[in-house]
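Report on the structure given below.
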Amino acid sequence: MTTVSPRVIASATSWIEGEAVRQLERTAALEGVRMAVGLPDLHAGKGHPIGAVFGTEGLIYPFLVGGDIGCGMALFSTDLSARKPKRDRWTTKLRGLDGPWEGDAGAYLAERGLAPSDFDGSLGTIGGGNHFAELQSIDAILDEPVAAALNLDPSRLVLLVHSGSRGLGESILRAHTERFRDGPLALGTPDADDYLRRHDHAMQWARASRALIAERFAECLGAVLSPVLDIFHNSVTPRDQLWLHRKGAAPADQGPVVIPGSRGHHSYLVVPQGDVASSGFSLAHGAGRKWTRSDARARLKPRLRPEDLVRTELGSDVICEDRDLLYEEAPDAYKSIDRVLADLQEAGVARPVARLRPLITYKTRGRDGD
DNA sequence: ATGTGC
């Protein structure tokens, strides 16, 4: 059996944890894997790395997509003026997003041609972990023509939503794992067809949920939205003769993507360029974790109070009433988004279009909703 | 990541 050598898209000065590279190598050695690439935000996950793409032939591995099938980033422009942001007022008005949507989720999904599921009560909710909805200003335009083609207007704020398929994707992976553990599915078999059908449903559910999160957020502020882009970073999809398993990897073959920094740093809108096959048709999906969740709590609790974390270095507000989550998701727990972007630029696979600056990040109002 | 786990 031939083993492919994984490529890591990162300069020598970028810190990549040894365990993440070992996970990349082990995963690259799985049966049927023909291509493995670590993106600059590569970090260790639970057995397999995050910030990576694996191309297989003949087989698919549901665990390489993970439980949050269809997780991704959606960007919307708003009619809110960037010139005089009413940050305090908006921060007060942003509530009620944690609980179930009061509207008819089944009808919302049906309008998009989607069948109902047992998890539709979570549609339009952000969820936990690194998920968020963030109001941002367009700090700098770095590629005028591309920005203009996307109708980006620096005088208006934008809304970035990071969320996925909540309990739905998790249930799909669990059903697979109960029968096959961490085993693959052979393409063309009924089991593979069944998984891919459910996977595609979870993808579209996640996209619909991001749109609904944005609508609920905008409704709190009385804002009007218009969609700019929506991209998946957890998925398995065919490309040429390979099946690309993206686990925390943005597509490089579907136009512009947003790469979020930490909640205290900028995000970048970038456009893929050059030989994107060299990076597995993929780009980084974020800054990447530097510290595990437990490390972040242990290191930061002694030196930072929650009050220090709800206002960031860039002067943005973070709405996060879950104390532990505030530490786990602190900007210091993440690598530098500028380094990640520089690595992609040096590899010749992406160039920046706009720099986005956080104004208000909504994580959670707490377990009781609001 | 998780309508989260005893």
Side-chain angles (χ1 to χ4, degrees), chain A residues 20 23 41-52 61-74 96-106 108-109 116-133 161-178 182 198-199 201-203 205-210 212-213 216 231-236 245-250 260 262-263 285-289 291-297 320-329 333-334 362-370:
Chain A
Q23 288 185 346
D41 57 334
L42 184 75
H43 59 285
K46 205 184 147 203
H48 53 274
I50 300 160
Y61 288 90
F63 76 90
L64 288 184
V65 179
D68 198 0
I69 301 163
C71 189
M73 309 294 314
L97 300 179
D98 292 85
W101 182 45
E102 276 133 25
D104 185 341
Y108 191 91
L109 291 165
S117 77
D118 293 340
F119 301 89
D120 297 347
S122 303
L123 192 80
T125 60
I126 295 167
N130 56 1
H131 290 167
F132 62 83
V161 176
H162 177 204
S163 188
S165 56
R166 311 288 275 111
L168 176 61
E170 183 66 31
S171 76
I172 295 165
L173 180 62
R174 195 180 339 107
H176 170 81
T177 307
E178 277 165 9
D182 57 357
R198 295 189 205 194
H199 164 280
H201 178 246
M203 298 256 284
W205 192 102
R207 175 168 278 173
S209 187
R210 286 190 285 274
L212 183 54
I213 290 164
R216 297 177 79 191
I231 61 102
F232 301 109
H233 54 227
N234 291 349
S235 65
V236 55
H245 299 66
R246 293 188 176 99
K247 175 58 180 174
S262 73
R263 294 318 89 230
H285 83 310
R289 252 186 192 286
W291 298 336
T292 66
R293 292 181 177 279
S294 54
D295 282 347
R297 288 195 306 272
C320 182
E321 294 179 357
D322 179 329
R323 220 177 147 86
D324 280 342
L325 189 60
L326 201 51
Y327 288 100
E328 291 166 7
E329 291 294 317
Y334 284 85
Y362 190 108
K363 299 278 294 173
T364 177
R365 283 285 184 193
R367 297 208 169 86
D368 304 323
D370 60 328

Distance in angstrom units between A/Asp324 CG and B/dG5 P, rounded: 15 Å
Touch class at under 4.0 angstrom, heavy-atom based, for A/Asp118 against every strand present: base
Protein-nucleotide distance (A/Leu168, atom CG; B/dT4, atom C1'), rounded to Å: 16 Å
Looking at every strand, decide which applies to A/Gly169 at a 4.0 Å heavy-atom threshold: base, sugar-phosphate, or nothing. nothing
Just the rounded figure in Å: distance from C1' of B/dT2 to CZ of A/Arg174. 8 Å
Tell me what A/Gly66 touches on the nucleic acid: a base, only sugar-phosphate, or nothing, going by heavy atoms under 4.0 Å. nothing
Minimal non-hydrogen separation, A/His131 against A/Lys363, with atom names: O-NZ, 2.9 Å
Applying side chain to side chain contact (heavy atoms under 4.5 Å, CB included), name anything that partners A/Glu328, two or more places apart in sequence or on another chain. A/Arg289, A/Arg293, A/Arg297, A/Asp324, A/Leu325
Just checking A/Gly127: base, sugar-phosphate only, or nothing, at a heavy-atom cut-off of under 4.0 Å? sugar-phosphate
When rounded to whole Å, the CD to P distance for the pair A/Glu170 and B/dG5 reads 9 Å
A/Gly129 near the nucleic acid: base, sugar-phosphate alone, or nothing, with a heavy-atom cut-off under 4.0 Å? sugar-phosphate
Distance, rounded to the nearest Å, where A/Trp101 contributes CH2 and B/dG3 contributes P: 19 Å
Hey, could you give me each pair passing side-chain hydrogen bond (donor to acceptor under 3.5 Å, both in side chains) that has a residue in residues 119-128 of chain A? Not counting sequence neighbours. A/Ser117-A/Asp120, A/Asp120-A/Trp205, A/Thr125-A/Arg166
Write down the distance between CG (A/Asp322) and C1' (B/dT2), rounded to a whole number of angstrom. 14 Å
Please determine if a side-chain N or O atom of A/Arg166 lies less than 4.0 Å away from the OP1 or OP2 oxygen of B/dG3. yes
Whole-Å distance separating the CD1 atom of A/Ile172 from the P atom of B/dT2: 14 Å
Considering all heavy atoms, the nearest A/Gly124-A/Ser209 contact: N-OG, 2.9 Å
A/Leu123 CG to B/dT2 P, in whole Å, measures 14 Å
Check A/Tyr108 against A/Leu123 and note the closest heavy-atom contact, atom names and distance. CD2-CD2, 3.8 Å
